[in-house]
Chemist: 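Take a look at the following structure, please.
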2 protein chains.
Amino acid sequence: MANSYIQSLITESLSELNLTAKQKAVLTASLKLFSEKGFERTSTHDIAQSAGVSEGTVYKQFKTKEGILAAIIEPFIQKVLPKAVAKFTAEMTKTSFPDFNDFLLALIRNRMTFAFDNMPQLRIILHEVTTNEAIVSRLENHFQKLLVGPMASIFKKYQETGQLVKWPTNRILRYIVTTIMGYVLPAALARQTINIEQVSREAAEFLLKGLKP
Amino acid sequence: MANSYIQSLITESLSELNLTAKQKAVLTASLKLFSEKGFERTSTHDIAQSAGVSEGTVYKQFKTKEGILAAIIEPFIQKVLPKAVAKFTAEMTKTSFPDFNDFLLALIRNRMTFAFDNMPQLRIILHEVTTNEAIVSRLENHFQKLLVGPMASIFKKYQETGQLVKWPTNRILRYIVTTIMGYVLPAALARQTINIEQVSREAAEFLLKGLKP
DNA sequence: TACTAGTGAGTGAGAGCTTACTCACTAAAA
DNA sequence: TTTTAGTGAGTAAGCTCTCACTCACTAGTA
């Protein structure tokens with residue numbers, strides 16, 4: 001469900017650029033190589049070979065190697081991320097789980113699925129983020145604008161019904177996000193998968209206790 | 001306290017190699033540049049210039065550029081990390097805080113101080129870890145051998161006095177570590193400092209609730 | 001229908017640089 | 001005198017990016 005939706009987001013943002021089959025091959029090959037070896041250790045020769053095109057083709061569409069990286073990261077930060085968040089918050093406000101436990105579980109499951117569906121992109125961003133301050137501040141900005149705002153009103157409901165501790169939205173979000181990351185990051189780095197269902201329950205159990213009033 | 005101890009660990013591991021002043025300058029310059037720009041974007045020319053030596057000097061001691069990276073990462077993983085953990089667990093078992101809250105606070109404060117004292121090294125490892133599986137599995141191994149073992153017996157005490165939930169050591173550690181990372185990582189990436197004292201209390205408050213039986 | 005002109009994605013050899021690494025040499029210490 | 005740290009110009013490999021060229025295809029013309 002979340003899977004196919006995310007997939008369509010990616011294919012959409014790809015087809016929007018109306019690229020030829022070969023240009024798309026360049027992007028998908030770059031995504032794979034960048035996430036496996038890192039941007040700097042991937043040569044344009046590698047990309048061309050992996051995509052089955054000539055190096056000239058790589059540079060027809062993307063003027064520089066950095067341009068390929070931007071063509072991967074930018075749509076993800078500017079389109080995939082915001083759309084996924086918007087869709088999720090809309091779903092949450094509509095469904096309106098009366099029980100905070102159910103809300104937490106849905107949230108964690110949703111976010112973990114998203115992370116695993118977009119593992120290559122997330123790995124690339126994680127790598128870049130350590131040496132690129134610009135991306136860090138843009139992601140921070142996104143976190144504030146996209147997440148903190150919508151979540152505040154949702155949290156308020158649970159706080160008023162005495163199910164959620166009355167801490168600032170920022171603080172509550174930090175614990176939720178980092179607890180999820182605590183499961184996703186090791187798996188991402190070790191290139192392993194996890195049992196999302198089981199792990200979500202585990203994380204929800206802990207967070208529910210920690211975020212009780 | 002923790003600060004000066006860690007500092008001495010680094011200087012010790014540096015002087016153990018009994019390097020000349022220029023060779024040490026090469027290492028400290030590399031540490032700075034690698035953590036700021038990343039290993040691949042740092043040239044040996046940059047290192048030589050920053051250290052105020054010739055490129056030949058760089059290669060007198062370290063046979064390859066990878067060798068410089070290893071000379072930074074290896075002592076950290078094999079000596080600094082284990083010693084810091086050993087010293088901490090020894091301190092904890094000796095002092096034996098009767099109150100789990102006090103233990104948690106000491107633990108978090110200690111770990112955060114360590115992280116900020118070793119920020120450059122941690123940034124380099126974070127960057128490398130995304131493209132180097134070998135380091136990942138070695139760190140995982142360290143986590144198991146160094147942390148899980150000693151912590152198990154400490155946790156047992158608090159579990160028996162009804163202050164700590166009876167979850168596996170691994171699970172409890174995961175939540176403690178990730179909660180700390182939730183404060184340290186954003187600061188590390190944004191290259192900012194945080195109020196360790198205030199933030200430690202915040203984190204301890206959350207963890208105490210989440211880890212109550 | 002047959003011919004021609006035009007288009008643009010794709011090619012790959014190679015220009016131009018950067019980079020990691022070497023080595024013949026110097027200066028100074030032992 | 002021997003040894004050793006340090007030097008920096010030099011080298012070869014590898015990188016990004018360019019550009020003159022090909023060729024399948026389309027659209028207009030006779």
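Chain identifiers are assigned alphabetically (A, B, ...) following the order of the sequence lines, protein sequences preceding nucleic acid strands; residue numbering begins at 1 within each chain. What you see below is based on every heavy atom in this structure, not just the backbone, and it leaves out hydrogens, waters and symmetry mates. Computed from a predicted model, the values in this text were never measured in an experiment.
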Chemist: Tell me which donor-acceptor pairs under 3.5 Å the side chains of residues 139-149 of chain A have, and how far apart each pair is, sequence neighbours excluded?
Modeler:
{"from": "A:His142", "atom 1": "NE2", "to": "A:Ile77", "atom 2": "O", "distance (Å)": "2.8"}
{"from": "A:Gln144", "atom 1": "NE2", "to": "A:Asn170", "atom 2": "OD1", "distance (Å)": "3.3"}

Chemist: Select one nucleotide: of D:dC17, C:dG10, C:dT22, the one nearest the side-chain heavy atoms of A:Tyr59.
Modeler: D:dC17
Chemist: For the residue pair A:Phe103 and A:Phe88, does the interplanar ring angle fall in the parallel (under 30°), tilted (30 to 60°) or perpendicular (over 60°) class?
Modeler: tilted
Chemist: Looking only at side-chain atoms of A:Lys65, point me to the closest of D:dC17, D:dT7, C:dC21.
Modeler: D:dC17
Chemist: If I take atom CD1 in residue A:Ile47 and atom C1' in nucleotide D:dC17, what distance separates them, rounded to the nearest angstrom?
Modeler: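 After rounding, the reported distance stands at 13 Å.
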Chemist: Look at the side chain of B:Gln23 and decide which nucleotide, out of D:dT16, C:dT11, D:dG6, has an atom nearest to it.
Modeler: D:dG6
Chemist: Could you state the atom-to-atom distance from NZ of A:Lys63 to P of D:dT18 in whole Å?
Modeler: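 Going from A:Lys63 (NZ) to D:dT18 (P), I get 9 Å.
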Chemist: Quick one: B:Leu69 CG to C:dA20 P, roughly how many Å, whole number?
Modeler: 13 Å
Chemist: Establish, with yes or no, whether the OP1 or OP2 oxygen of C:dT11 is under 4.0 angstrom from a side-chain nitrogen or oxygen of A:Thr57.
Modeler: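 Yes, A:Thr57 has a side-chain N/O under 4.0 Å of OP1/OP2 on C:dT11.
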Chemist: Just how large is the angle between the end axes of the helix from C:dT1-D:dA30 to C:dA30-D:dT1, five pairs per end, to 10 degrees?
Modeler: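 Between the axes fitted at each end of the helix from C:dT1-D:dA30 to C:dA30-D:dT1 lies an angle of 10°.
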Chemist: Mind checking if A:Ser43 touches a base, just sugar-phosphate, or nothing, with heavy atoms under 4.0 Å?
Modeler: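 The answer is sugar-phosphate, as A:Ser43 gets under 4.0 Å only of primed atoms, P, OP1 or OP2.
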Chemist: Is the shortest side-chain N to carboxylate O distance from B:Glu205 to B:Lys209 below 4.0 Å?
Modeler: no
Chemist: Of all heavy-atom pairs between A:Leu208 and A:Leu104, which one has the smallest distance, and what is that distance?
Modeler: N-CD1, 3.8 Å
Chemist: Is B:Ser54 near enough to D:dG8 that one of its side-chain N or O atoms lies under 4.0 angstrom from OP1 or OP2?
Modeler: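 False: B:Ser54 side-chain N/O out of range (4.0 Å or more) of D:dG8 OP1/OP2.
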Chemist: Which of these, A:Glu36, A:Glu40, A:Arg41, sits in a side-chain contact (heavy atoms from CB on, under 4.5 Å) with B:Thr131?
Modeler: A:Arg41
Chemist: What is the distance, to the nearest angstrom, from the CD atom on A:Glu55 to the C1' atom on C:dT11?
Modeler: 11 Å
Chemist: What is the distance, rounded to the nearest whole Å, between atom NE2 of B:His45 and atom P of D:dT7?
Modeler: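 Rounded to whole Å, this separation is 14 Å.
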Chemist: Could you tell me how the ring of B:Trp167 sits relative to the ring of A:Phe206: parallel (under 30°), tilted (30 to 60°) or perpendicular (over 60°)?
Modeler: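 Rings of B:Trp167 and A:Phe206: perpendicular, as their planes differ by over 60°.
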Chemist: With heavy atoms under 4.0 Å as the rule, sort B:Val53 into base, sugar-phosphate or nothing.
Modeler: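 Sugar-phosphate contact only.
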Chemist: Verify the ring-centre separation between B:Tyr175 and A:Tyr175: is it less than 6.0 angstrom?
Modeler: no
Chemist: When you measure from the side chain of B:Lys22, which nucleotide among D:dG6, C:dG10, D:dC17 comes out closest?
Modeler: D:dG6
Chemist: Measure CZ/A:Phe62 against C1'/C:dA9 and give the value in whole Å, please.
Modeler: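 Rounding to the nearest Å, CZ of A:Phe62 and C1' of C:dA9 are 13 Å apart.
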Chemist: Rounded to whole angstroms, how far apart are CD on B:Gln49 and P on C:dT19?
Modeler: 12 Å
Chemist: Atom NZ of B:Lys37 to atom C1' of C:dT19: distance rounded to whole Å?
Modeler: 13 Å
Chemist: Record whether the side chain of B:Lys60 comes under 3.5 Å of the base of D:dG6 through a donor-acceptor pair of N or O atoms.
Modeler: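 By the distance-only test, yes, there is a pair.
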Chemist: Remember a base hit wins even if backbone is also touched, and classify B:Thr20 as base, sugar-phosphate or nothing at under 4.0 Å, heavy atoms.
Modeler: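 Sugar-phosphate, no base atom in range.
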Chemist: Would you please confirm or rule out a distance under 4.0 Å between OP1 or OP2 of C:dG10 and any side-chain N or O of A:Gln61?
Modeler: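 False: A:Gln61 side-chain N/O out of range (4.0 Å or more) of C:dG10 OP1/OP2.
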Chemist: What are the two closest non-hydrogen atoms of B:Ala29 and B:Ile47, and how far apart are they?
Modeler: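 Taking B:Ala29 first and B:Ile47 second, the nearest heavy atoms are CB-O, 4.1 Å.
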